Amino acid sequence: MPVTAETIIQSLASGLLMGLLYGLIAVGLALIFGLMDVVNFAHGEFLMIAMYATFFLFAFFAIDPLLSAPLVAAALFVFGAVVYLLIVRFAVRAKANAGMVQIFSTFGLAIVMRGLAQYFFTPDYRSVTHSWLGGKTVSVAGIFLPVPQLVGALVAIAAFGGLYLFINRTDFGRALEATREDAGAVALVGIDKNKVFALGWGLGAALVGLSGAIMAIFFYVYPDVGASFALIAYVTVALGGFGSVFGAFAGGIIVGLVEATTALLLPPSLKAVGIYAVYLLVVFVRPRGLFGSM
Amino acid sequence: MNITRRNVLLGATAAAALGPIAARAQTSEVVIGVIYPFSGASAQMGVDAQKSFETALDIINKNHDFDLPLAKGEGLPGLGGAKIRLVFADHQADPQKGRAETERLITQEKVCAVIGTYQSAVAVTVSQICERYQIPFISADNSSPSLHRRGLKFYFRAAPHDEMFSAAMFNFFDAMKKKGAKIDTLSLFHEDTIFGTDSANTQLKLAADRGYKIATDIKYRSNSPSLSAEVQQLKTANADVLMPSSYTTDGILLVKTMAELGYKPNAIVAQDAGFSEKALYDAVGDKLEGVISRGSFSLDLAAKRPMVGKVNAMFKEKSGKDFNDLTSRQFMGLLVMAEAINRAKSTDGEKIREALVATDIPGEQTIMPWKRVKFDEMGQNNDADPVLLQYIGGKFVTIFPPQAAIAEAVWPMK
């Protein structure tokens with residue numbers, strides 16, 4: 001293929017838009033990890049149910065994904081908090097093999113969620129066939145910017161900004177930060193650790209819920225849809241630095257850009273190679289990730 | 001219950017007493033293994049396949065008045081009216097799981113034949129295991145040409161492979177060019193497993209033989225989260241025809257991304273798979289008016305052979321869908337296997353293999369536009385004529401070859 005200035009700019013633009021979305025998906029994962037050192041292996045399945053929720057709100061009530069996004073995010077908030085209170089809370093209490101118990105509790109949850117989705121929703125591929133944004137494209141000087149991804153990118157930036165303000169400017173945010181630094185000490189000043197953790201899980205899930213709602217506009221939905229995005233999210237979090245919300249967001253953008261650039265330079269079937277090569281390089285040079293502090 | 005020596009003895013005696021009954025009971029039942037993806041990204045294919053096999057099972061095991069093998073009367077007359085029982089196994093689109101599950105079907109479930117698999121990549125390992133245990137395998141809906149060229153004795157395919165399908169496409173291009181259509185350059189877009197790779201290799205060879213220029217040949221990673229870079233390259237190449245070989249998920253994403261990046265090809269001629277799936281047309285059908293896909297089944301045939309419509313109605317009742325290229329081939333796969341077992345009058349692998357080698361079913365006794373079912377020394381049926389179908393007004397009509405066509409092709413697409 002001839003590599004022209006136009007194809008390069010188009011690839012970078014597509015990569016940036018996709019990267020912001022990857023970042024939004026990864027931020028929730030990083031938030032939970034940063035808060036309590038637990039990796040949510042069901043993160044992709046959270047994304048999947050958010051996409052299904054968006055799809056069903058569209059299919060049964062004709063609610064546009066743009067309108068249902070806040071509803072889905074709110075529902076996922078509750079879901080995330082419930083998952084913490086019913087499962088994770090007990091998993092982290094395990095006396096023996098605590099790490100394994102945590103891994104298998106969320107990993108098991110992922111398999112159960114996938115199985116239930118396949119049972120109740122069938123494995124068929126669903127799709128939001130028409131929406132306010134779907135299929136629309138803005139063209140600037142020959143560069144095409146798909147509206148769904150463009151709005152997704154704006155939502156990602158807004159959500160990240162909101163999260164940043166929430167963590168830094170509110171009492172709850174400060175409690176979150178304090179709990180993250182020393183969960184034992186905050187108990188002494190009367191902060192309920194469980195409440196803060198539940199809030200963290202709720203927030204993390206709400207963010208991935210938001211991503212799912214936006215993605216339902218341009219992606220297909222099926223029980224396994226979370227798997228490929230979750231893998232990218234784990235790499236993104238590790239690349240950006242475990243526990244760093246900012247790192248996850250920056251990591252997402254890097255992953256999106258690297259993916260697009262690799263597809264330009266190498267055969268597209270190898271585009272994931274670029275992501276993992278950069279990841280390995282970062283881990284090699286800076287094992288805690290780009291913005292990791294631990 | 002506590003396990004005591006007495007209980008063990010009692011159990012053993014009971015088992016020994018029941019043994020002969022079990023042995024006798026086996027002859028009234030013929031067990032066939034069906035191996036498909038029932039979970040993972042292609043789970044819907046397995047679910048649809050199951051409905052298709054159950055439709056064929058119904059036709060074999062119950063009395064129907066169709067001119068299909070084993071439709072009349074119940075069960076297999078050659079085995080004293082024995083009924084067929086299917087055991088379904090899930091390979092999750094993973095060749096290694098396919099290998100393990102096939103082994104389980106043969107050693108634990110004692111199946112006498114195996115049918116599969118949707119993904120050609122999985123058919124490779126499944127057929128190897130069947131070969132080792134001397135259990136006949138019918139590749140119901142795998143289309144990779146390399147599958148039957150490995151010298152396996154227990155491998156059979158009643159349906160066309162991609163060289164036959166692709167040849168039909170190029171015959172169609174030649175015919176359209178004679179009528180004045182501009183078809184000089186082609187863009188290939190294919191996924192990176194054996195299905196996409198074999199399909200592209202065949203198309204590359206045919207293009208070279210017949211003087212078509214390949215504008216771009218894009219091999220992409222299946223189930224990618226994004227295809228925008230790939231579509232960007234297709235758009236830059238802007239060939240006269242886009243030829244995708246993709247499964248359903250990628251097909252949906254491809255078409256959506258094409259719309260987003262403002263790429264409208266003159267024509268799309270697809271290598272079936274995702275492009276014969278209802279889910280794809282439900283999702284993006286509005287963007288696919290005029291798309292052409294190869295196939296080995298067309299509901300048009302019901303006009304000539306009314307039983308095709310009736311069998312389709314049976315399938316639709318179970319699945320809520322019409323037969324498509326995949327489910328029709330799966331249906332025929334079981335009928336062909338059962339017909340051979342019936343003639344073999346045995347569930348012995350070698351005897352069934354011999355019966356399969358001797359198979360000769362006329363096209364009128366199938367639901368397909370095939371001349372007949374007769375296997376060559378490689379186990380391939382070369383008389384399975386493919387057709388090209390065009391998606392017009394929300395359904396597929398047969399446009400090629402001329403003897404099967406019921407409508408003229410709309411070219412370019414829009």
Side-chain angles (χ1 to χ4, degrees), chain A residues 1-4 6-7 10-11 13-15 17-18 21-22 25 114-115 118 122-130 134-137 139 142-149 215 217-225 227-229 231-232 256 259-264 267-273, chain B residues 37-48 92-93 189-192 196-197 215-237 248-253 255-257 259-263 274 277-280 282-287 320-321:
Chain A
M1 188 190 71
V3 179
T4 60
E6 194 185 314
T7 56
Q10 175 73 61
S11 296
S14 302
L17 294 186
M18 211 54 207
L21 205 62
Y22 288 158
I25 298 173
R114 229 184 268 184
Q118 178 160 338
T122 79
D124 223 336
Y125 314 105
R126 313 303 178 101
S127 198
V128 174
T129 42
H130 46 271
K136 294 201 173 71
T137 299
S139 167
I143 308 298
F144 287 83
L145 301 174
V147 175
Q149 279 97 319
M215 271 178 54
I217 303 174
F218 61 91
F219 214 75
Y220 46 83
V221 193
Y222 71 107
D224 271 22
V225 71
S228 44
F229 286 95
L231 188 63
I232 290 184
E259 188 183 49
T261 318
T262 318
L264 256 187
S269 57
L270 299 177
K271 70 181 179 185
V273 170
Chain B
F38 291 104
S39 58
S42 317
Q44 188 60 42
M45 301 304 136
V47 172
D48 290 346
Q92 301 174 27
F189 178 82
H190 58 99
E191 54 102 50
D192 60 349
T197 315
T216 185
D217 172 15
I218 295 175
K219 178 180 183 172
Y220 70 92
R221 202 165 138 261
S222 55
N223 287 320
S224 275
S226 151
L227 288 174
S228 49
E230 290 83 345
V231 170
Q232 175 62 26
Q233 297 187 19
L234 290 174
K235 191 182 161 199
T236 310
T248 313
T249 49
D250 300 329
I252 295 174
L253 191 59
V255 177
K256 286 199 170 196
T257 312
E260 286 163 5
L261 293 185
Y263 172 47
E277 272 308 309
K278 186 174 178 289
L280 182 119
D282 284 347
V284 290
D286 56 322
K287 299 180 183 71
K321 299 176 181 180

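Chain naming here is simple, since letters A, B, ... match the order of the sequence lines and numbering starts at 1 in each. The structure presented is a predicted model; accordingly, all values stated were derived computationally and were not measured.
- Residue B:S39 comes nearest to A:Q118 through the heavy atom pair CA-OE1, 3.6 Å, listed as atom of the first residue, atom of the second, then distance.
- By number of non-hydrogen pairs under 4.5 angstrom with chain A, the leading residue of B:D192, B:D286, B:I252 is B:I252.
- Between atom CG of residue A:D124 and atom CD of residue B:E277 there is a gap of 8.0 Å, rounded to the nearest 0.5 Å.
- Residues that satisfy the salt bridge (Lys or Arg N to Asp or Glu O under 4.0 Å) test with B:D48, not counting sequence neighbours, are B:K321.
- Neither the backbone nor the side chain of B:T257 has a heavy atom closer than 4.5 Å to any heavy atom of chain A.
- Heavy atoms of A:I232 lying under 4.5 Å from chain B belong exclusively to its side chain.
- Atom OH of A:Y220 is separated from atom CG of B:L280 by 11.5 Å, given to the nearest 0.5 angstrom.
- Atom-to-atom distance recorded for B:L227:CG and A:M18:CE is 9.5 Å, nearest 0.5 angstrom.
- Taking each heavy atom of A:T129 and B:D282 in turn, the nearest pair found is CG2-O, 3.0 Å.
- Here B:E260 is the residue among B:K287, B:R221, B:E191, B:E260 with the most heavy-atom pairs under 4.5 Å with chain A.
- With chain B as the partner, the residue from A:P146, A:S127, A:A272, A:P268 showing the most heavy-atom pairs under 4.5 Å is A:P268.
- Neither the backbone nor the side chain of B:K278 comes within contact range of chain A; no heavy atom of the residue lies under 4.5 Å from a heavy atom of that chain.
- Nearest heavy atoms, A:Q10 versus B:L261: NE2-CD2, 3.6 Å.
- The salt bridge (Lys or Arg N to Asp or Glu O under 4.0 Å) check on A:D224 picks up A:R114, with sequence neighbours excluded.
- Contact between A:Y22 and B:S226 at its shortest, heavy atoms only, is OH-CB, 4.5 Å.
- Residue contact with chain B, scored on non-hydrogen atoms closer than 4.5 Å, is absent for A:V147.
- The nearest pair of heavy atoms linking B:M45 to A:Y125 is CE-CE1, 3.9 Å.
- Only the backbone of A:I217 comes within less than 4.5 Å of a heavy atom of chain B; no side-chain atom from C-beta onward does.
- When all heavy atoms of A:A263 and B:Q233 are compared, the pair lying nearest together is O-NE2, 3.0 Å.
- Taking 4.5 Å as the limit, every side-chain heavy atom of A:S14 sits out of range of all side-chain heavy atoms of B:Q232.
- For the set B:S228, B:G285, B:P225, B:G262, the entry with the most heavy-atom pairs within less than 4.5 Å of chain A is B:P225.
- With a 4.5 angstrom heavy-atom cutoff, B:K219 touches chain A via backbone and side-chain atoms both.
- Only the side chain of A:Y222 comes within less than 4.5 Å of a heavy atom in chain B; its backbone stays farther off.
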